[in-house]
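Right, I'll just put the structure down here and ask away after.
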Amino acid sequence: EVEEVIEQADYLYGSGETEKLYRLLVQHKTSEDAELLWRLARAARDLAQLSSTSAEEKKQLVYEALEHAKKALEKNESNFAAHKWYAICISDVGDYEGIKAKIANAFVIKEHFQRAIELNPKDATSIHLMGIWCYSFADMPWYQRKIAAMLFATPPTSTYREALRYFHMAEEADPNFYSKNLLYLGKTYLKLNNKKMALLWLSKAREYPAHTEEDKQVQKEALELLNSI
């Protein structure tokens, strides 16, 4: 039963059938299987990300995704994908809970991404997300730094160099796996004032075949950055 549902789910995921996938998996939300539950968390989140989803529905789905991811983790602590999706979902919920909650959750998020990478060092997405974590803390505006300094004795910090290292590691694990990783390699090189390398990676991001809404956004951003250089 579970095997069949997962097989069906992976087929739908690969075909970009976001709504069908969610409808299939949500019928099994009481499952005890971590593999099924993290897929449900991902499906709820993907549905939330669609431009056709209303703001109200989006919020509901974001919180629902976190519940499923949390349950997946409870069912199997050594499932790398459960750690990865739990971290992603906590980060999403932070968008609704304000900057204090977002910074407070930062350590938890980092911990789960690192655990996902330990459990599966070949998973390029987890490595990419660790890079995004580093990039956002390197790129943090001063007023957020002030809040972070008030909340923690040692607030979360990072550097563009550290972010770059993760983005390159992700490419090594699975070359060309994700348009956004190419985009962030370009963006990070721009931050480090290396225009030659920035042009290289931004061009790759712009030429990446767009399969999803996100890919189209990436192409657009890459083009804008290329025009600004």
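Model, not experiment: these values are computed from the prediction.
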Open item on the list: With a 6.0 Å cut-off on the ring centroids, do W38 and H83 count as close?
Closed with: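 Aromatic pair excluded; centres sit 6.0 Å or further apart.
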Task: Charged N-O contact under 4.0 Å between K180 and D215 - done: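 Salt bridge between K180 and D215, a charged N being under 4.0 Å from a carboxylate O: no.
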Open item on the list: A quick test of your reading: do over 12 heavy atoms of other residues, nucleotides or ligands sit less than 6.0 Å from CZ of F152?
Closed with: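 Enclosed: over 12 neighbouring heavy atoms sit under 6.0 Å from CZ of F152.
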Task: Pair Y13, Q8: side-chain N/O donor-acceptor within cut-off below 3.5 Å - done: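 No, Q8 and Y13 have no side-chain donor paired with an acceptor closer than 3.5 Å.
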Open item on the list: So that I can tick it off, tell me whether K71 and E74 are bridged by a salt bridge, with the cut-off set at under 4.0 angstrom between side-chain N and carboxylate O.
Closed with: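 No salt bridge links E74 with K71.
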Open item on the list: Is it the case that the side chains of S51 and E213 hold a donor-acceptor pair, with the cut-off being a distance below 3.5 Å and no angle test?
Closed with: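 E213 vs S51: donor-acceptor pair found between side chains.
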Open item on the list: Do the side chains of R23 and E19 get close enough for a salt bridge, i.e. N-O under 4.0 angstrom?
Closed with: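 Salt bridge absent between R23 and E19.
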TODO: Report the residues that fulfil side-chain contact (heavy atoms from CB on, under 4.5 Å) with N76, sequence neighbours left out, ordered by chain and then residue number.
DONE: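 Per chain and number, N76 pairs via side-chain contact (heavy atoms from CB on, under 4.5 Å) with A34, S78, N79.
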- [ ] May I ask you to check whether over 12 heavy atoms, not counting those of R145, lie within 6.0 Å of atom CZ?
- [x]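 Check passes, neighbour count above 12.
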- [ ] Salt-bridge test for K84 and D123: reply yes if a basic N is under 4.0 Å from a carboxylate O, no otherwise.
- [x]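 The answer is yes: the pair qualifies as a salt bridge.
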Open item on the list: Is a donor from one side chain sitting under 3.5 angstrom from an acceptor on the other, for E64 and H68?
Closed with: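 E64 vs H68: donor-acceptor pair found between side chains.
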TODO: Could you check D139 against S136 for side-chain hydrogen bond (donor to acceptor under 3.5 Å, both in side chains), going step by step and ending with a plain yes or no?
DONE: CA-CA 5 Å; D139 208 35; S136 47; over 6 Å; no
Open item on the list: Are there over 12 heavy-atom neighbours, none belonging to K75, within less than 6.0 Å of that residue's NZ?
Closed with: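 Yes - once you tally the heavy atoms of other residues, nucleotides and ligands closer than 6.0 Å, there are more than 12.
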Task: Set of ring pair (Phe, Tyr, Trp, His ring centres under 6.0 Å) partners for Y86, sequence neighbours left out - done: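 Result, ring pair (Phe, Tyr, Trp, His ring centres under 6.0 Å) vs Y86: H112.
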- [ ] Take the angle between the ring planes of F167 and Y135 and call it parallel below 30°, perpendicular above 60°, tilted in between.
- [x]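 The rings of F167 and Y135 sit tilted, inter-plane angle from 30° to 60°.
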TODO: Look at the side-chain heavy atoms of Ile, Leu, Val, Met, Phe, Trp and Tyr, link any pair under 4.5 Å apart, and say whether L182 and V218 land in one connected group.
DONE: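 Looking at the clustering, V218 is in a separate group from L182.
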Task: Ion pair check, K102 and E97, cut-off under 4.0 Å - done: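 No, K102 and E97 are not salt-bridged.
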Open item on the list: Under the criterion ring pair (Phe, Tyr, Trp, His ring centres under 6.0 Å), I'd like the reasoning laid out for Y166 against H128: C-alpha separation, chi angles, the key distance, then a yes or no.
Closed with: CA-CA 6 Å; Y166 281 111; H128 163 80; over 10 Å; no
Task: Sidechain N-carboxylate O distance under 4.0 Å for K29, E67 - done: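 Judged by the 4.0 Å cut-off on N to carboxylate O distance, K29 and E67 do not form a salt bridge.
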Open item on the list: For the backbone of D33 and the side chain of S31, can you confirm whether one donor and one acceptor N or O come within less than 3.5 Å of each other?
Closed with: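 It does hold such a pair.
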- [ ] Determine, using the 4.5 Å side-chain heavy-atom cutoff (strictly less than), whether I90 and Y63 are members of one ILVMFWY cluster.
- [x]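 They do share one cluster, since a chain of ILVMFWY contacts under 4.5 Å joins I90 to Y63.
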Open item on the list: Any donor-acceptor pair under 3.5 Å linking the side-chain atoms of E57 with those of T53?
Closed with: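 There is no such pair between these side chains.
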Open item on the list: Tell me whether the NZ or CZ atom of K110 lies within the 45° cone about the ring axis of F113 and under 6.0 Å from its centre.
Closed with: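 Because its charged atom misses either the 6.0 Å distance or the 45° angle limit, K110 does not stack over F113.
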